[in-house]
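Have a look at the structure below, then the notes.
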Amino acid sequence: QVQLVESGGGLVQAGGSLRLSCAASERAFSNRAMGWFRQAPGTEREFVGAISWGNTKYYNDSVKGRFTISRDNAKNTVYLQMNSLKPEDTAVYYCAAGRTTAAWPMRDNPRGNIDYWGQGTQVTVAS
């Protein structure tokens, strides 16, 4: 069974931190890049960050220096550490499993390069 299960969302004050986790089944994690996307009400889903099977990382410019993506291959889990949160970071955050080991295709063409999505976790940043 293929599954991605996000956790760690919640309500935080501006300037605070949250750590999102995504626990994946073996099939949805092994030899795949993993990524995080977000979607705020009335907007399209946007790329946040991605990490290759070999730990090459990419970020949306809006989160560089504040967010860090990492993975634990022994636990089939990918993380998103979010620091210095801003109200504009408020969104539903989705974990995604890429089609290949490379992360850049998830950034450049997510529609054609993501095989699986999680159900999403809400992050709300209060001003």
Side-chain angles (χ1 to χ4, degrees):
Q1 183 178 0
V2 174
Q3 60 178 0
L4 300 172
V5 180
E6 301 101 332
S7 60
L11 173 64
V12 64
Q13 293 293 315
S17 298
L18 283 174
R19 188 195 196 202
L20 304 183
S21 300
C22 173
S25 59
E26 178 74 16
R27 180 178 171 183
F29 190 88
S30 184
N31 291 302
R32 296 181 185 272
M34 300 295 293
W36 289 94
F37 290 73
R38 67 186 180 187
Q39 187 168 18
T43 70
E44 293 190 356
R45 194 170 298 188
E46 70 169 355
F47 172 79
V48 175
I51 183 168
S52 73
W53 180 249
N55 280 320
T56 299
K57 303 174 186 181
Y58 300 93
Y59 297 98
N60 186 307
D61 284 346
S62 66
V63 307
K64 279 182 182 176
R66 300 189 298 122
F67 291 12
T68 301
I69 190 170
S70 61
R71 65 190 297 157
D72 185 335
N73 291 346
K75 295 181 179 180
N76 291 350
T77 302
V78 62
Y79 304 97
L80 185 68
Q81 177 67 45
M82 305 186 294
N83 299 329
S84 301
L85 282 160
K86 305 175 181 180
E88 52 263 43
D89 294 319
T90 295
V92 177
Y93 283 70
Y94 296 91
C95 176
R99 187 154 296 171
T100 72
T101 58
W104 63 265
M106 298 181 76
R107 176 196 64 191
D108 293 350
N109 183 20
R111 289 186 183 274
N113 290 285
I114 290 174
D115 279 345
Y116 308 110
W117 292 95
Q119 83 288 353
T121 186
Q122 176 70 46
V123 171
T124 302
V125 184
S127 58

Review point. Shortest non-hydrogen contact from V48 to V63?
Key: O-CG2, 3.6 Å

Study note, to complete from the structure: Correct closest heavy-atom pair for A102 and A33 would be O-CB, 3.2 Å

Check your understanding: How far apart are the C-alpha atoms of T124 and V12, what are their side-chain angles, what is the distance that settles it, and do they pass the side chain to side chain contact (heavy atoms under 4.5 Å, CB included) test?
Key -> CA-CA 6 Å; T124 302; V12 64; over 6 Å; no

Point to revise | Distance (rounded to the nearest 0.5 Å) between I114 CD1 and M106 CE | key: 4.0 Å

**Study point:** Pairwise ring pair (Phe, Tyr, Trp, His ring centres under 6.0 Å) hits with a residue in residues 18-54, at least two apart
**Key:** F37-F47, F37-W117

**Study point:** CG on L80 to SG on C22, rounded to 0.5 Å
**Key:** 10.5 Å

**Study point:** Check: Q122 and T90 side chains under 4.5 Å, non-hydrogen atoms
**Key:** yes

Point to revise | Within residues 101-112 or reaching into it, pairs that qualify as salt bridge (charged side-chain N to carboxylate O under 4.0 Å, His left out) - sequence neighbours excluded | key: none

Practice item. Determine the minimum heavy-atom distance between A14 and S127, stating which atoms define it. Key: CB-CA, 4.3 Å

Review point. Going by atom types only, do T101 and N31 share a side-chain donor-acceptor pair under 3.5 Å?
Key: no

Exercise for review: Evaluate the side-chain proximity of V123 to L20: yes if any heavy-atom separation is below 4.5 Å, no if none is.
Suggested key: yes

Exercise for review: Kindly say whether N60 contributes a backbone atom to a donor-acceptor pair with the side chain of S62 at under 3.5 angstrom?
Suggested key: no

Revision key, fill the gap. Heavy-atom nearest pair, A24 first then L4, reads CB-CD2, 3.3 Å

Practice item. Only counting residues at least two apart or in another chain, list the ones meeting side-chain contact (heavy atoms from CB on, under 4.5 Å) with S70. Key: Y79

**Study point:** Rounded distance [0.5 Å steps], CG in N73 versus CZ in R32
**Key:** 13.5 Å

Review point. Looking at residues at least two apart in the chain, or sitting in another chain, which of them share a side-chain contact (heavy atoms from CB on, under 4.5 Å) with T43?
Key: Q39, A40

Exercise for review: Walk me through it: do Q81 and S17 pass the test side chain to side chain contact (heavy atoms under 4.5 Å, CB included)?
Suggested key: CA-CA 8 Å; Q81 177 67 45; S17 298; 4.0 Å; yes

Point to revise | Greater than 12 external heavy atoms within 6.0 Å of R66's CZ | key: yes

Revision key, fill the gap. Separation between OG (S52) and CZ (R71), nearest 0.5 Å, reads 7.0 Å

Check your understanding: Backbone N or O of N109 within a donor-acceptor pair of the N113 side chain at under 3.5 Å?
Key -> yes

Pairs of donor and acceptor atoms involving the side chains of residues 92-99, under 3.5 Å and at least two apart or interchain, shall be tabulated with distances.
{"from": "Y93", "atom 1": "OH", "to": "R38", "atom 2": "NH1", "distance (Å)": "2.9"}
{"from": "Y93", "atom 1": "OH", "to": "D89", "atom 2": "O", "distance (Å)": "2.6"}
{"from": "R99", "atom 1": "NE", "to": "D115", "atom 2": "OD1", "distance (Å)": "2.6"}
{"from": "R99", "atom 1": "NH1", "to": "G112", "atom 2": "O", "distance (Å)": "3.1"}
{"from": "R99", "atom 1": "NH2", "to": "D115", "atom 2": "OD1", "distance (Å)": "2.8"}

Check your understanding: In terms of heavy-atom contacts, does NZ of K75 have more than 12 from other residues, nucleotides or ligands at under 6.0 Å?
Key -> no

Exercise for review: Compare every heavy atom of M34 with every heavy atom of I69, then report the nearest pair and how far apart it is.
Suggested key: CD1-O, 3.9 Å

Exercise for review: Write down the atom of G120, the atom of E6, and the distance for their closest heavy-atom approach.
Suggested key: N-OE1, 2.9 Å

Check your understanding: Applying ring pair (Phe, Tyr, Trp, His ring centres under 6.0 Å), which residue pairs with at least one partner in residues 54-77 are found, sequence neighbours left out?
Key -> none

